[in-house]
Amino acid sequence: MVVRYLPKVEAPVQFWYPALIGMKIRIIQGDITKVKADAIVNAANKTLLGGGGVDGAIHRAAGPQLLQECKKIGGCATGQAKITSGYNLPAKYVIHTVGPVWKGGNHNEEKLLASCYWQSLLLARQHKLSSVAFPAISTGAYGFPFEKAASVAINTVKKFGQQYEYPREVIFVLFTERDYEVYKKKLKI
Ligand code: AR6
């Protein structure tokens with residue numbers, strides 16, 4: 001009789017929801033400050049004290065109370081995210097995240113950008129938010145090549161949707177028609 005002792009292999013425990021169950025991904029072209037989602041994401045800078053681009057538009061539309069709350073937070077590191085109320089915005093919350101400045105691609109830019117999406121989604125999940133709208137983080141003043149940034153955004157959101165039930169809907173808000181077409185192609189819509 002041959003007895004074979006097989007080493008016992010402990011499979012790592014993973015909880016997977018079937019691919020993208022519950023999570024819908026939508027794209028719209030327009031101004032994110034008009035979007036009525038539970039949260040909109042702000043492409044902020046490390047001070048969280050406002051700036052140009054989408055950051056300026058969000059602060060203008062939310063009103064001065066947003067800046068008051070941001071002042072109390074004391075900043076945010078690149079790749080991280082912080083949540084505030086949305087004040088005069090149609091969205092209940094603003095999730096502020098700080099994208100990386102593009103420095104040629106060898107400075108961890110893709111990982112940091114992925115982290116922006118992941119950390120923002122984690123905050124949304126912690127607050128049990130159903131819908132979150134993202135602008136194309138880092139693709140304006142911070143100079144991240146648009147196509148590359150779009151792939152990072154889409155892949156990160158999909159990966160999150162495969163693991164977690166909340167948020168149930170992610171809306172990518174693209175400012176220009178050209179940007180909208182890039183997302184449309186990548187999402188095969
Ligand atoms: N709605 C949706 N998307 C917008 C809007 C809007 N109202 N306005 C601009 N975009 P940017 P960044 C798009 O420069 O590259 C700020 O000064 C825009 O077309 O807003 O992460 C901050 O304070 C682009 O695709 O953010 C930081 O200092 C995308 O939003 C710095 O800029 C991001 O462009 C952050 O730079």
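These values consider heavy atoms only, across backbone and side chains, with no hydrogens, waters or symmetry-generated copies.
Rounding to the nearest 0.5 angstrom, the gap separating the CD1 atom in I58 from the OH atom in Y87 is 14.0 Å. If you take SG on C76 and NZ on K82, they are separated by 5.0 Å, rounding to the nearest 0.5 Å. Going from atom CD of Q119 over to atom CD of Q80 covers 4.5 Å, rounded to the nearest 0.5 Å. To the nearest 0.5 Å, the span separating CD1 on I95 from CG on L121 amounts to 7.5 Å.
Side chains of S131 and R168 form no contact here, defined as non-hydrogen atoms less than 4.5 Å apart.
Between the side chain of T47 and the backbone N or O of G75 there is no donor-acceptor pair closer than 3.5 Å. Between the side chain of D179 and the main chain of F175, no donor-acceptor pair closer than 3.5 Å is present.
Between Y142 and W102, a ring centre-to-centre spacing not shorter than 6.0 Å is recorded. For Y117 and F160, the gap between ring centers reaches or exceeds 6.0 Å.
Taking a cutoff of 4.0 Å between a charged side-chain nitrogen and a carboxylate oxygen, R26 and E169 qualify as a salt bridge. Ion pairing between a basic and an acidic side chain is recognised when a charged N comes within 4.0 Å of a carboxylate O; E147 and K186 show such pairing.
Between the side chains of Q126 and Y166, not a single donor N or O lies within less than 3.5 Å of an accepting N or O.
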